[in-house]
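Have a look at the structure below before the remarks.
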Amino acid sequence: MDPTTDTPDHHWMRHALRLAERAADAGEVPVGAVLVRAGQCVGEGWNRPIAAHDPSAHAEIQALRDAGTRLTNYRLPETTLYVTLEPCVMCAGAIVHARVGAVVYGATDPKAGACGSVFDLLPSDARFNHRTECRGGVLAEPCGDLLRDFFRARRQASRAAREALKR
């Protein structure tokens, strides 16, 4: 294996990608997240808003909830959240409230990203009482490819359904 891709960041992002594939298999937008403390997974999640009928059921929120349950604490200091897509504003707020130490994401989100793409809430916003380190681009290509392929397939299915109605 290439030593440049055999880092803890790459290991955990590959784990998050596997979780994102679970979301895709369920028809959800393929985003996965894993929360790590001291080299151990303490929480994981994947997008489930459709299945859960819950607009807040993003992968990051699911991972934070899982960790909170496992650790019996809503504060999650000294953790790193690995997520395949740059967190949105809602997730950034939850990350700050949970006191997550760092966020590592794969693909940037040019429409709703809150780590510098559209908004710069993590770590720059001095109005928060907690700062979360944030860095992106880890396995950005496979993370982005998974999202692009998902939406491409969804658009093709939508076109095919419209065409079928015309017949």
How about Ser158 and Arg154: does a side-chain donor come under 3.5 Å of a side-chain acceptor?
no
Nearest atoms (heavy-atom pairs only) where Arg131 meets Ala126
NH2-CA, 3.1 Å
Distance-only donor-acceptor hits, side chain of residues 100-110, under 3.5 Å, sequence neighbours excluded:
residue, atom, partner, partner atom, Å
Asp109, OD1, Lys111, N, 3.0
Asp109, OD1, Ala112, N, 3.1

How many angstroms lie between CG in Asp120 and CG in Asp125, if you round to the nearest 0.5 Å?
8.0 Å
Result block: side-chain N/O donor-acceptor pairs under 3.5 angstrom for residues 40-53, not counting sequence neighbours:
residue, atom, partner, partner atom, Å
Glu44, OE1, His15, NE2, 2.8
Asn47, OD1, Ala59, N, 2.8
Asn47, ND2, Val29, O, 3.1

Looking only at non-hydrogen atoms, find the nearest pair between Leu17 and Thr84 and report the distance.
N-CG2, 3.7 Å
Rounded distance (nearest 0.5 Å) linking atom SG of Cys91 with atom CD of Gln62:
9.5 Å
Could you give the distance from NE2 (His97) to CG (Leu76), rounded to the nearest 0.5 Å?
13.0 Å
Minimum-distance pair of heavy atoms, taken over all atoms of Ser56 and Arg65:
OG-NH2, 3.2 Å
So which atom in Cys88 and which in Glu60 form the shortest heavy-atom distance, rounded to 0.1 Å?
N-OE2, 4.4 Å
Does Leu122 share a hydrophobic cluster with Val118, counting links as ILVMFWY side-chain heavy atoms below 4.5 Å and allowing steps through other members?
yes
Applying a strict under-4.5 Å side-chain criterion to I, L, V, M, F, W and Y, I'd like to know whether Leu19 and Met13 cluster together.
yes
Tell me whether Phe119 is reachable from Met90 by hopping between hydrophobic residues (I, L, V, M, F, W, Y) whose side-chain heavy atoms are closer than 4.5 Å.
no
Is the shortest distance from a Lys or Arg side-chain nitrogen in Lys166 or Glu163 to a carboxylate oxygen in the other one below 4.0 Å?
yes
Are Leu121 and Val31 grouped together when hydrophobic residues (ILVMFWY) are joined by side-chain heavy atoms under 4.5 angstrom apart?
yes
Let me confirm one number: the CZ-CD distance from Arg152 to Gln156, rounded to the nearest 0.5 Å.
7.5 Å
Give me each pair satisfying ring pair (Phe, Tyr, Trp, His ring centres under 6.0 Å) with a member in residues 145-167, each pair once, sequence neighbours excluded.
none
Between CG of Leu146 and CG of Leu85, what distance do you get to the nearest 0.5 Å?
10.5 Å
Of Leu139, Val138, Val34, the one forming a side chain to side chain contact (heavy atoms under 4.5 Å, CB included) with Tyr82 is Val34
Show the nearest heavy-atom pair for residues Arg148 and Asp145, with the distance to one decimal.
NH2-OD1, 2.8 Å
Can you tell me how far CZ of Arg75 sits from CZ of Arg99, rounded to the nearest 0.5 angstrom?
3.5 Å
Where Arg37 and Thr79 come nearest, the two heavy atoms and their spacing
NE-CG2, 3.7 Å
